[in-house]
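The next block holds one structure in the form of structure tokens; read it before the comments.
Heavy-atom basis, side chains included; hydrogens, waters and symmetry copies ignored. Remember, predicted model here, so these are calculated numbers, not experimental data.
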Amino acid sequence: MSGGSEKALKTPGCANSEPSSTRLVATLSIAGLLSGLIIVSVYEATLPTITAYQAKVLREAVFKVLPEIDHIQRLVYVDGGLTPKDTEDPEEEAVFGGYDAAGELVGYAIPSAGPGFQDTIRLLYGYVPSERLVTGMEILESRETPGLGDKIYKDLEFVGEFERLAIDPEILAVKKGTSTAPNEVDAITGATISSKAVVRILNEGNRRWLSKLPAASGQPPAKRRAVPEPEVSATTPHEAAAPSAAPNTDPQQPAGSWPLEAGG
Amino acid sequence: MPKTQPDAYQEFFKGLWRENPVFAQVLGMCPMLAVTNSAVNGMAMGLATFFVLVASSLLVALLKRWIPRQVRISSFIIIIATFVTVTDYSLQALVPAIHKELGAFIPLIVANCLILGRQEAFASRQPARLALMDALGMATGFLFALVALGSVREILGEGALFGVDLFGPNFEPWVIMILPPGGFLTLGLLLLFFSWLAERRQKLAERLAEMEVEGS
Amino acid sequence: MKHRDPKLLVQPGPLLKQPLTTSMAMRDVLIALAPATLAGIWMFGLGALLVLLACIGGAVLTEWAFLPADERRDQLGNGSALVTGLLLGLTLPPALPLWMAFLGGVVSIGLGKIIWGGLGYNLFNPALVGRAFLLAAFPVAMTTWSAQTGSADFFQVPASNLAAPLMHVDYDGVTSATPLGLMKFQQESTALWDLMIGKTSGCIGETSGLLLILGGLFLAFRRDLDWRIPVSILAAVAAFSSLLFLIDAERYPGPLFSIFSGGLLIGAFYMATDPVSSPLTPRGAWIFGIGIGLLVVLIRVFGGFPEGVMYAILLMNAATPLIDRYTQPRVFGKGLKSPQGGQE
């Protein structure tokens, strides 16, 4: 046993145990400083892996909810239009555009969130504006009841309900086995509340985004806006692809326009 | 325990059973109940706590000479918090899936009274070698308890152990076991079981002692 | 029996009212439950009988296993485990796997009674503890309601009943929603007469309302239960559901539907009146009953579940010690309320 130090700790009467307040402050400051240094270095060391993983999860989800896409581009809504931007900023509203091999826009992957049975459900769904269809839904985060509510992502039949789902006039959750219209989803038996929450979150996402999305167009908006960000253009492939004018199937929007509040 | 064993071994083994942090001291209940819905989660939490406890006990025992008594708790917390944050980032980078499951409970290791308790009660008063053995024993005991609880809950709640399916597709999961009430129920039953074992052992020892007295 | 004095108002207990009080009360409860039980078995077939037997088996075996050897004869002889098992079984769906019913019996006695110190010390009604556990553990099996089989295929036991322990087999017959389920999720009402005679799907013993009332009246007549509790529960449910019904008759069910649907009658007469877990004083009994009635209506109408009797009774069970404490009568000759709590 190391006698000296132990005595100092145990017996307050020692002269040793009445240090000046300067020493107390100094001890804590040094401890805090060292601690901060360690934390910062670990943070710096692990940050790239962490963000890369998060981006990968999100990318995979985008590819799951949009059919037959070749590459994607993160799009940020600024000043009434969509701008490609790869860096994350939680303040911004962003969707993902999915493009096929020829660089044509297939659809958008839209993130949305809302309250479920237990806690907030965060999900991503694919939307094809040319057909006004939802093409897939992927739950990113949920704490629904295991065995019941978690079927919103474990029950593949339910997840499958969101492939080619019409959004007009609104997506509806109906009792299992009774869906007839293209905009109806069979709710999960025993998890009606969670199923309805998912549908509500999708409708909420539609309300927020449909008016902001330009109709189908062959090019990532980067081309039109000509954002001179070399980083972005590097990650935006098919620059050389001919600007193919995809037919605008949205009756409410003139082709080629970038509407502010039209449509939806 | 026979007296012939060296101190260090005793410090190690007491944490496994006789002074097990969960079954004997009932410490660290928050992570115990919150994350043990599967054996893997229990093990991950146990290992994270293991690392933090052992590392901070060792550091506290080594640094105690320079830590003034008046600010010792704050210093312990700084040390513990540093290791917890390091663990948090490392898990997030290395095993993101498990980090997602454990969620908010990794940062909360700071507040695990088991860890601060060992610093104050043991590491700050004993030489580093003993402090290390004590921390290793306590951490192993905690890990054991978390895995035991997680295993019971996963077997009943999912019909699996460490993700390996045990009963086939027709198994009916006990949903309650993966929910918070299942944690309380299982912990209560385990505590009951271990105190029953302890009581039985004590009775046996008493009877043995009586026999010895009679025999002598 | 010979010491019975119906005019004697015994309060606040526990004053010995009659010899062998527990086992006689239990026998009366069994007699009172017999018609509803037989009706349930008749309507749902042999499977229902097996579920009841599994519950009783689980309850009695657990009681036997955990009692010290010298108390077994006495405690098992009074039939309280038998009644707990039967009451649990009556509140289970008829097609429930037998191993779940058995487990429910084990939990009822183990977690509902033994762990508190045995008969007389439990805070909650043991049968409802078992049911709450089963509902939380196996929500799907506990809410799969088989349609009534009728007498023709009485001996046909559903495959789901016979699932191997820890396993499940999907129910193979016709399922149908309970009246409360229909009300909650499809806004469909059920004919009142069907509710009264029990021609609906539901738990084994909760459907035949008239027989349950009959048994309840028998118990009240024999003074085995405190009549204030069922009366206040039913009155409170009637009052609160009438209020809602008057506000919006389209959305909320009427008072008679509320009383005869679900487990309200079996809960009000046989479970809430459990002398161990209900208040001892008359005033306490009124508060207890009104509280249950209010909670039942609140849970049914605004909660996530179609039925709320079980949770309502369990919640008020938890409040019982408090109610007892605040309704203690004055000690004769003293101006202040007795400082003692509602301890047994």
Side-chain angles (χ1 to χ4, degrees), chain A residues 1-14 16-54 56-57 118-119 140-150 190-191, chain B residues 7 37-38 59-97 99-101 103 120 123-131 153-154 157-158 172-180 182:
Chain A
M1 298 221 166
S2 55
S5 61
E6 225 188 356
K7 223 178 207 169
L9 279 169
K10 274 181 183 168
T11 46
C14 277
N16 212 4
S17 67
E18 286 294 343
S20 63
S21 49
T22 334
R23 201 187 143 206
L24 298 184
V25 172
T27 310
L28 282 183
S29 313
I30 293 170
L33 201 69
L34 288 176
S35 157
L37 273 176
I38 297 174
I39 290 175
V40 166
S41 49
V42 172
Y43 178 75
E44 288 297 331
T46 51
L47 187 63
T49 333
I50 295 170
T51 42
Y53 175 78
Q54 282 168 347
K56 185 172 142 256
V57 168
Q118 307 266 7
D119 203 347
L140 298 176
E141 199 181 310
S142 93
R143 290 193 182 277
E144 298 303 280
T145 321
L148 285 176
D150 68 354
Chain B
D7 273 2
N37 50 10
S38 74
L59 201 63
V60 164
L62 288 174
L63 294 181
K64 59 176 181 280
R65 197 183 298 263
W66 294 282
I67 299 174
R69 234 185 100 260
Q70 288 82 349
V71 292
R72 66 189 192 286
I73 300 286
S74 338
S75 313
F76 298 162
I77 288 289
I78 291 178
I79 292 172
I80 297 169
T82 311
F83 284 115
V84 169
T85 316
V86 168
T87 314
D88 191 22
Y89 286 131
S90 314
L91 282 178
Q92 213 174 343
L94 298 174
V95 276
H99 185 270
K100 199 179 161 196
E101 287 284 324
E120 168 69 6
S124 62
R125 292 152 202 262
Q126 304 282 350
R129 193 173 61 97
L130 290 186
R153 290 178 69 187
E154 189 180 353
E158 310 242 28
E172 173 76 25
W174 302 27
V175 176
I176 189 173
M177 283 301 167
I178 357 183
L179 296 176

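- The line from CD1 of B/I67 to CG of A/L24 is 12.0 Å long, rounded to the nearest 0.5 Å.
- Remark: A/V57 pairs with A/Y53 by the side-chain contact (heavy atoms from CB on, under 4.5 Å) rule, at least two apart or across chains.
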All N/O donor-acceptor pairs, side-chain side in residues 32-47 of chain A, below 3.5 Å, sequence neighbours left out:
from	atom 1	to	atom 2	distance (Å)
A/S35	OG	B/T82	OG1	2.8
A/S41	OG	A/L37	O	3.0
A/S41	OG	A/I38	O	2.8
A/T46	OG1	A/V42	O	2.9
A/T46	OG1	A/Y43	O	3.3

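- To the nearest 0.5 angstrom, A/L28 atom CG is 11.0 Å from B/Q70 atom CD.
- Remark: A/T27 OG1 to B/L63 CG distance equals 11.0 Å, nearest 0.5 Å.
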